[in-house]
Amino acid sequence: MFSYDVLVIGSGIGGLCAAARLSELGYKVAVFEHHIRPGGYATNFSRKGKYSFDVSLHGIASLDEGEICYDVFSKCGIMDRITPLKKDHPYTVVWEGKKIDIPQNPEQYLTVLKEMFPHEKEGISNLFQDLYSFNKEMIFLKDSTIPKEEKQQLFPIKAKLFMQWSQMTTEEVMKQYVRDEEFISFFTLLWPYYGLPPRTLSSHYFFVPWLGYHLDGTYYVKGGAQAIADALAEVIEEKGGKVYLRQEVTEIIVENNKAIGIKTKKGEIFKGKWIVSNASPQMTFSKLIGETYVDPSYRKEFEKLEIGPSVTQLYIGLKEDPSKYNLVDEDILFVKEKDLSKDYDYLHNGNYEKANFGITNYYKLDPELSPNGKPVIVLAFIDFIENWPENKEDYQLKKEEVTNYFLEQLEAHYPGITSSIEVLELGTPRTMQKYTKNPAGAVYGFAQTVEQSGLLRLERKTPLDQLSLVGAWTRPGGGYQGAAVSGASEANRIHKYLKQMISS
Ligand SMILES: Cc1cc2nc3c(=O)[nH]c(=O)nc-3n(C[C@H](O)[C@H](O)[C@H](O)COP(=O)(O)OP(=O)(O)OC[C@H]3O[C@@H](n4cnc5c(N)ncnc54)[C@H](O)[C@@H]3O)c2cc1C
């Protein structure tokens, strides 16, 4: 039997940040990952030895000094181990056949918007004014120099918009300023980054990253998602911990309502003073912990929550620089459907021909992502596991059909580019589910609706002592920032308990 201070199940960003933060705080931590590499969705894979594909990272905000991700990654010990690469633009859109680079600078963006929607000039200015106020509120909320009690007292005055908007969808907030549905769509085209269209997406999940993208900038990281995961794993091991790969956890050992250890598929037992699960709550409480140990009402509570969407990605390795075919942008959204609720419905029903999609040009983001500089691009869209047959033959047929359709799309936008393809692989929601064990291959955990966000999102604290949940399914939510914050914040909470436990 092996023993560590803390055992972490799963090496997604949430699990790794919890583990790295606890390692930085002096604990001996072991992480268990069933896959061959750490990272969960934050990983790369290679093909033909020369193409490296980033599975998930398009952009992270708040990597500037003093901002949330910078702060969390610093506390996890990796800010000096990764190299953020600032993107030229948060994203580019192809709207009514015209290419528009969305400026990072908010004043430049405001000008673009007013030119495009002159009849909404005033409303747009008011929206931007309130976004600046919202930013001030966020600065107040992040300020750790203000004592907790004082912050609570000041909260209703200093965080008015934050409070109001926490109860509203993105569309409801927008409609306070503008009427033109087309403007609302244009402004919220990035909805796939959060998994729900503006009509149902909690406004915080849209506007908090918006501030990051436009006030600070959007970043890619040199070496891709894997560079972040590897840096976190490095910290854990340098501090005396261990990241066990190809080690699936099959059981959480519970005694007297306390989680005290884990059992792996290989039959090994590890003991720990605290267990952190970065596996989904469904897996944690339905597979890893025996039914008798958990109050059924707790399980029922989260079983009725809505699960967020997954993604399909077409990974493409090219022989030549994509700019040869006029693909010169970093992240491009192709808009076929302006009504974003319809867009979501098309994707939900697998009606891909009518829906919007995006292309990420990783060669532009980081020309050295592939070890020998081989260009990779990825075509992506929100998708749902129900669209993909379980039967192997039907699944393969559908994969071919969808691949061919999107190759036609690619060729239509960048004539000649398909002749340069050397590697082609489609990852579907079933692929996402297989590699991360997330139900339905969900990429942001529970759907980020108003009812499932903020304090209404699943707590990291669980009914069992010494067991926490971290990652996209829990507070504050999905994405790199959400998962990282959940891991590092939970590590700080665990530290308080462990300090007491060890000293008593
Ligand atoms: C295509 C795509 C694009 C994305 N783009 C962005 C983006 O640009 N910006 C952004 O912020 N976010 C993006 N995201 C979302 C972001 O990647 C995720 O929300 C985030 O990485 C989830 O982290 P997590 O901590 O919840 O863990 P996950 O990534 O869900 O990892 C959980 C880990 O636990 C492991 N595990 C589960 N059960 C067990 C077990 N029993 N034993 C051992 N290991 C187990 C899994 O193997 C996995 O490694 C994207 C996601 C995808 C898929």
Side-chain angles (χ1 to χ4, degrees), residues 7-19 31-43 53-63 69 87 90-91 190 192-195 205 209 212-213 218-221 224-225 228-229 232 243-252 262-265 276-284 287-288 308-315 331 358 360 365 378-383 427-429 431-439 441-446 448 469-474 477-488 490:
L7 309 176
V8 178
I9 305 163
S11 71
I13 286 294
L16 287 174
C17 283
V31 179
F32 301 85
E33 170 56 52
H34 90 96
H35 189 44
I36 55 169
R37 262 178 237 108
Y41 289 124
T43 193
F53 293 98
D54 184 327
V55 169
S56 66
L57 184 59
H58 297 234
I60 322 186
S62 76
L63 267 179
C69 277
K87 288 169 80 168
Y91 56 103
L190 213 54
Y193 273 34
Y194 320 111
Y205 288 105
Y213 293 149
T218 316
Y219 291 90
Y220 187 63
V221 170
I228 303 176
L232 289 162
V243 178
Y244 292 91
L245 301 173
R246 296 189 176 92
Q247 277 272 32
E248 182 175 344
V249 174
T250 49
E251 188 184 333
I252 295 175
I262 58 123
K263 193 171 173 186
T264 69
K265 203 172 182 178
V276 175
S277 179
N278 185 209
S280 68
Q282 296 87 334
M283 147 95 68
T284 307
K287 293 206 176 124
L288 303 184
S310 186
V311 180
T312 285
Q313 302 227 98
L314 185 57
Y315 301 98
D331 257 313
T360 302
L365 289 173
V378 173
L379 191 150
F381 51 93
I382 287 289
D383 204 355
T428 74
T431 322
M432 305 297 158
Q433 178 173 257
K434 179 177 161 194
Y435 285 103
T436 64
K437 296 186 178 287
N438 281 311
V443 293
Y444 310 108
F446 294 114
Q448 306 198 112
L469 293 170
V470 295
W473 298 91
T474 65
Y480 280 71
Q481 182 170 315
V485 168
S486 95
E490 192 57 14

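Whatever order the structure lists ligands and atoms in, that order sets their numbers, starting from 1.
Distances from atom 21 (O) of ligand 1 to the heavy atoms of Tyr435, Phe381, Tyr194, Tyr41 show the closest one on Tyr41.
In this structure, atom 18 (C) of ligand 1 lies nearest to the protein heavy atom Val443 O, 3.3 Å. Among protein heavy atoms, the minimum distance from atom 34 (O) of ligand 1 is reached at Gly10 CA, 3.2 Å. At the top of the distance list for atom 42 (N) of ligand 1, counting protein heavy atoms only, stands Val249 N, 3.0 Å.
Below 3.5 Å of separation, one finds no N or O of Val55 facing any N or O of ligand 1. Considering backbone and side-chain N/O atoms, Asn278 comes within less than 3.5 Å of an N/O atom of ligand 1. Every N/O-N/O distance between His35 and ligand 1 stays at or above 3.5 Å. Ligand 1 has no nitrogen or oxygen under 3.5 angstrom from a nitrogen or oxygen of Gln313.
No hydrogens or angles considered: nothing links the side chains of Asp383 and Ser310 as a donor-acceptor pair under 3.5 Å.
A donor-acceptor pair is defined here as one N or O able to donate and one able to accept, closer than 3.5 Å; no such pair exists between the side chain of Ser486 and the backbone of Val470. Of the possible polar contacts, none joining the Tyr41 side chain to the Ile13 backbone as a donor-acceptor pair under 3.5 Å is found.
Only the backbone of Gln247 comes within 4.0 Å of ligand 1, judged by heavy-atom distances.
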